[in-house]
Amino acid sequence: METELDDRIALMDQGSFLGLRALGHQPVFLATWTYDRPVDLEALRRVNDNLCHTLAGRLVERSPLPGGRHRWVAVDRAPNLVVEATPRPRDQVFGWTSEFGDRGTDPEHGPGWRIGVLSLTDGGSAVALAIPHTLGDGLCVLQAITDAVEGRVRRPAYPKRRARRRSRLLWADLAAFVRDLPAVLRAVVAGMRVARAQAAPKASGKAPIVPAAAAPMASEPTSGTFRVPVACVRVNQADWDAAAADRGGTSNTLVSAIAARLGERFERTGADGMVTLAVPVSVRVDGDTRANALDGATIRIDPMGVVDDLTGLRAATKAALVAVAEQSHDLAAALPLTPLMPAVAVRRAEPLAMGASALPVGCSNYGDLPAAVVRIDGRDSSDFWVRLIEPGQGPADLDRIGGQLYVLSGRALGNVFLSIVARPVGGGLDDDELHRHVAATLAEFGLSPTAVTR
């Protein structure tokens, strides 16, 4: 007997959507492929069309019931490829991708993703893909790219937008709300426990860097588009693995060590000198249709001790992963409150969600990427990297959450790529200075970039 498709979005996905609407911004996955040849446009158009049949090929349809669960609907069609009319030099690829990411996506009204193509003056080409976090965490998007390249259908058969009568949806959502009421009441209790835990006194940390007025540091533009300083580098994979092994660690722990050392450089430490790493943990399982299947681990580590020895960080990481299920119990229990949260509550909760009081260092690692990911037009690209951008986020937003330091990593094409975004409270940092900090941190581990993109 067939069961009716449950097209309601997961509570965490609804939280991501509500956060976007309340704050006006959210992280966007921005991938870049570069080639020493022209891209195969016909193959790229097939991949673009195939994305409609992956977990990227859906949009959010709001519930007609205030406080009701939203639903997934199928995209109407693939957005057109954006083929730039004017070629640019290769050293302008990074700037172009920043501009491309600013053109915007929307998980409700579309386009859910954008793919752009840029011809290079040296005969090569570049491709960029942007997709908002509401439609997929990093691993979800990477799986969608893999499915699209390989022609695999993974998305459930969601109805099209506005295909169902609002009155029918309203009654269905009202019945579901009544069924879910016991869980909502339990969520109230769990939410109170979380609020008390968040309000409990914590060890004080150093204030984030606020540059002195006379310091010879770059100032942020007072007009135009604001962008957080970013450094994107690649390191030879064999050199990376050797550096990790020499210190008793793994590739993953070396990423965390780099993040911890950068945290120390930018004074994101507690009074005891420890750095708090905030590490997303994937809980995605086979057949999972959630856009965001994530939990989070918190790792406190002495950044001074990781340069020569990764064994302590490796043990701390294992202990944190074991503790994830216990630590996330109350948060999971509070999730049924998500659809009921007004926008003002979401905005007030942002600093707590970002862990501003502890000045965390975000550290996300995709690991080895599927081979198909670097073959967006059917053949290997010459280079590939991913970074996170957040169009619409301004300096005041970052100051309110205690500044930002986030390290993203992955392994592809024989390299480990690192994408680092950083902004101290008050600004005073530019891309060039951040690159110098990253290069100096890598040098502490005997590493140097094989490629730098800016």
Side-chain angles (χ1 to χ4, degrees), residues 26-52 54 56-57 78-107 110-133 135-136 138 140-142 144-146 148-149 225 227-228 230-234 366 369 372-392 408 410 412-413 415 417-419 421 431 451-454:
Q26 73 170 193
V28 172
F29 176 104
L30 181 60
T32 304
W33 296 257
T34 59
Y35 299 87
D36 297 327
R37 56 174 175 81
V39 70
D40 185 336
L41 283 176
E42 288 306 311
L44 189 60
R45 286 192 178 94
R46 286 195 296 273
V47 170
N48 188 47
D49 290 340
N50 287 347
L51 281 171
C52 294
T54 72
N80 294 330
L81 289 182
V82 180
V83 181
E84 304 292 354
T86 305
R88 300 194 194 187
R90 189 175 291 264
D91 62 7
Q92 292 184 16
V93 168
F94 188 82
W96 168 69
T97 61
S98 297
E99 297 166 15
F100 182 77
D102 287 340
R103 296 179 189 178
T105 55
D106 192 283
W113 72 86
R114 289 185 189 272
I115 294 180
V117 182
L118 175 69
S119 295
L120 304 180
T121 54
D122 63 5
S125 55
V127 176
L129 179 146
I131 184 167
H133 213 289
L135 293 184
C140 180
V141 176
L142 292 170
I145 295 170
T146 300
V149 170
T225 301
R227 294 192 178 95
V228 178
V230 58
C232 291
V233 303
R234 263 78 74 216
Y366 296 151
L369 272 58
V373 166
V374 300
R375 300 170 182 162
I376 192 70
D377 75 339
R379 290 185 289 162
D380 280 355
S381 54
S382 57
D383 198 6
F384 174 82
W385 70 92
V386 176
R387 60 185 171 119
L388 296 181
I389 61 172
E390 196 149 349
L408 174 68
L413 296 171
N415 288 312
F417 67 79
L418 295 168
S419 299
V421 291
D431 289 356
V452 175
T453 305
R454 63 178 82 192

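For the single chain, residues carry numbers from 1 onward in sequence order. Quick note: numbers below take in every heavy atom, side chains included, and nothing from hydrogens, waters or symmetry partners.
The CG atom of Asp36 sits 7.0 Å away from the CG atom of Asp122 when rounded to the nearest 0.5 Å. Atoms CZ and CG, on Arg46 and Asp40 in that order, are 6.5 Å from each other to the nearest 0.5 Å. Taking CG from Leu135 and CG from Leu51, the interatomic distance works out to 11.0 Å, rounded to the nearest 0.5 Å. Taken to the nearest 0.5 Å, the CG atom of Leu369 stands 7.5 Å off from the OG1 atom of Thr146. Separation of atoms CZ (Phe417) and OG (Ser419) is listed at 6.0 Å; rounding is to 0.5 Å. How far CD1 of Ile145 is from OG1 of Thr54: 9.0 Å, rounded to the nearest 0.5 Å.
Of the possible donor and acceptor atoms, one in the side chain of Trp33 sits under 3.5 Å from a partner among the backbone N and O of Val373. Without hydrogens or angle criteria, Thr453 side chain to Phe94 main chain gives no donor-acceptor distance under 3.5 Å. Ser125 places a side-chain N or O within 3.5 Å of a backbone atom of Arg37 that can act as its donor or acceptor partner. Counting only distance, with no hydrogens or angles, the side chain of Gln26 and the backbone of His133 share a donor-acceptor pair below 3.5 Å. Distance alone, capped at 3.5 Å, places no donor-acceptor pair between the Asp377 side chain and the Leu44 backbone. Side chain of Thr34 to backbone of Ala126: no donor-acceptor contact under 3.5 angstrom is found.
Donor-acceptor pairing under 3.5 Å is lacking for the side chains of Thr32 and Arg387. Neither side chain, Asn415 nor Trp385, offers a donor N or O lying under 3.5 Å from an acceptor on the other.
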side-chain contact (heavy atoms from CB on, under 4.5 Å) evaluation trace for Val228 with Val230: CA-CA 6 Å; Val228 178; Val230 58; over 6 Å; no
Salt bridge (charged side-chain N to carboxylate O under 4.0 Å, His left out) between Arg454 and Asp431, worked out: CA-CA 8 Å; Arg454 63 178 82 192; Asp431 289 356; over 6 Å; no
Stepwise salt bridge (charged side-chain N to carboxylate O under 4.0 Å, His left out) test for Asp102 and Arg227: CA-CA 10 Å; Asp102 287 340; Arg227 294 192 178 95; 2.4 Å; yes
Salt bridge (charged side-chain N to carboxylate O under 4.0 Å, His left out) between Arg114 and Asp106, intermediate numbers included: CA-CA 10 Å; Arg114 289 185 189 272; Asp106 192 283; over 6 Å; no
Residue pair Arg234, Asp383: steps toward the salt bridge (charged side-chain N to carboxylate O under 4.0 Å, His left out) verdict: CA-CA 9 Å; Arg234 263 78 74 216; Asp383 198 6; 2.6 Å; yes
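Closest non-hydrogen pair, Ala31 versus Phe384, comes out as CB-CE1, 3.9 Å. When all heavy atoms are compared, the tightest approach of Ala372 to Val149 is O-CG2, 3.7 Å. Among all heavy-atom pairs drawn from Ala130 and Thr105, the shortest one is O-CG2, 3.8 Å. Here the shortest heavy-atom pairing between Ile376 and Val47 reads O-CG2, 3.3 Å. In terms of heavy atoms, Val82 sits closest to Phe100 at CB-CE1, 4.0 Å. Across all non-hydrogen atoms, the minimal contact from Pro132 to Gly112 is CD-O, 3.1 Å.
Looking at heavy atoms from C-beta onward, Pro391 lies in side-chain contact with Val28 at the 4.5 angstrom threshold. Counting only heavy atoms from C-beta outward, the side chains of Phe29 and Ile389 never approach each other to under 4.5 Å. When side chains are defined from C-beta on, Glu84 does not count as touching Val117, because their heavy atoms never get closer than 4.5 Å. For the pair Leu129/Leu30, no side-chain contact is recorded, criterion being any heavy-atom separation below 4.5 Å from C-beta on. Using a 4.5 Å heavy-atom threshold, the side chains of Ser381 and Leu413 count as touching. Side-chain atoms of Pro107 and Trp113, non-hydrogen and from C-beta on, never get closer than 4.5 Å to each other. At a threshold of 4.5 Å between non-hydrogen side-chain atoms, the residues Leu408 and Val386 count as touching. Annotation: side chain of Pro87 is not in contact with side chain of Leu120 (no heavy-atom distance under 4.5 Å).
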